[in-house]
Amino acid sequence: MINANNPNLKSWIDVPKLSDFPIQNIPFGIALISNKKVAVTRIGDTVINLSKLYLLGAFHGILSENYFDKEFLNDFLKLKKSDWRSVRNKISEIFTNNININKYTSSFCEINEVQMCMPVKVGDYTDFYSSRQHAYNVGCMFRDPENALLPNWLHIPVGYHGRSSSIILSGTDIYRPKGQQLPLNAKAPVFGPCKLLDFELEMAFITGEGKPLGDSISIDEAEDYIFGMVIFNDWSARDIQKWEYVPLGPFLAKNFASSISAWIVTLDALEPFRCKGELQKPEVLPYLKFTGDKNIDINLEVQIQSDNFSAYTVSKSNYKYMYWNMNQQLAHHTVNGCDIHAGDMMASGTISGNDNSAYGSMLELSWKGTKPILMPDGSERKFINDGDTVIMKAHCSKANVRIGFGEVRTKVLSSK
Ligand code: CA
């Protein structure tokens, strides 16, 4: 067992009941503290300045320089998995053993006193399409149930290269995108604000430094190159998407914004929540074959909030519903020699469960707008309105340990 994952550990820092951030989590983020961006972790509602911890000698013998006195975590991510693990174990040790209380408290801030920032400078961003139920639902709507899954889907973790410049942090408002749409039965497109604005409930993993161009990361090596995960809302303009996506896939329908949660929860912290995925049939090609349980049981929730009603849950899904796991995604991504780098972000694709309360997009929840969802104020939603805030939450829970991601929260403003 990884030392920091021991469910019996108890921190001397107060952790509120049902907090996403007990001593067993130790996530990584970037915060603005005294007008300076530094790397931080969090226990309960206490934010710990890791740069200060370094200067106090906490990582002596583990880190050769202060990788935490940086605007992004990328340089820390260039280290090896064994280094990430040693740092997390050390933090766990310091805040479990109360011999050091006075030595380290000068690195503390309250969560309400700091502004969280983008944790990494995202180099490249890839979006997969790895939930079978989601691919099936979309296939049913746009083709037919018999041909819902395209012939490649059960053989390839399908994905596309997205845009990293518009990946934004939770709390950043977005403007409704504008673009071309082809109205029903029209022969020519029109231009205007998107009418069918949607969220996509996803998780994303963030990579360490990969191998040189031309080399591949095997499925057994994949976990050594995955630092951790965040919640990922892949905003989507369905009407723009429908008109533009043939033949090269999504473009302006997706690249206006994707929102992430602020805390990267390490893959190490998620290890106790591993579970089996769906049996893959037909058998996958050898480079995609894996051993052990590679899915993760992460409870997911989507809420909509507006001026007229408080946060209202519209979906409850789970990351364990993924057909293709992260190891397969990364092995596939690099099998052709594609190089990946520290701070790359790879999103799962919309995660939908088997029943309609677990669908990960409004497209599916309202079944293309044919089944509007009733909100607490009596209004209906087929898609997302101006003024709505979409909130996504994620947490794992087992044997009295709850490891959470916090939330990703985004308000939609009318078009600019
Ligand atoms: Ca997506």
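Every number for a ligand or one of its atoms is a count from 1 in the order of the listing.
By the 30° and 60° cut-offs, the orientation of the rings of H333 relative to H161 is perpendicular.
For K178 and F191, the positive end is not near the middle of the six-membered ring at less than 6.0 Å and at most 45° from its axis. With a 6.0 Å cutoff to the six-membered ring centre and a 45° limit on the axis angle, K320 does not count as a cation-pi contact of F273.
The 12-atom threshold is not exceeded at NZ of K52, counting heavy atoms of other residues, nucleotides or ligands nearer than 6.0 Å.
As for D127, its N/O/S atom nearest the Ca ion (ligand 1) is the one called OD2. Looking at E200 and the Ca ion (ligand 1) together, the shortest N, O or S contact belongs to OE1. Among the heteroatoms counted here (N, O or S) of E202, OE2 is the one nearest to the Ca ion (ligand 1). Shortest distance from the Ca ion (ligand 1) to D234 is reached at OD2 (N/O/S atoms only).
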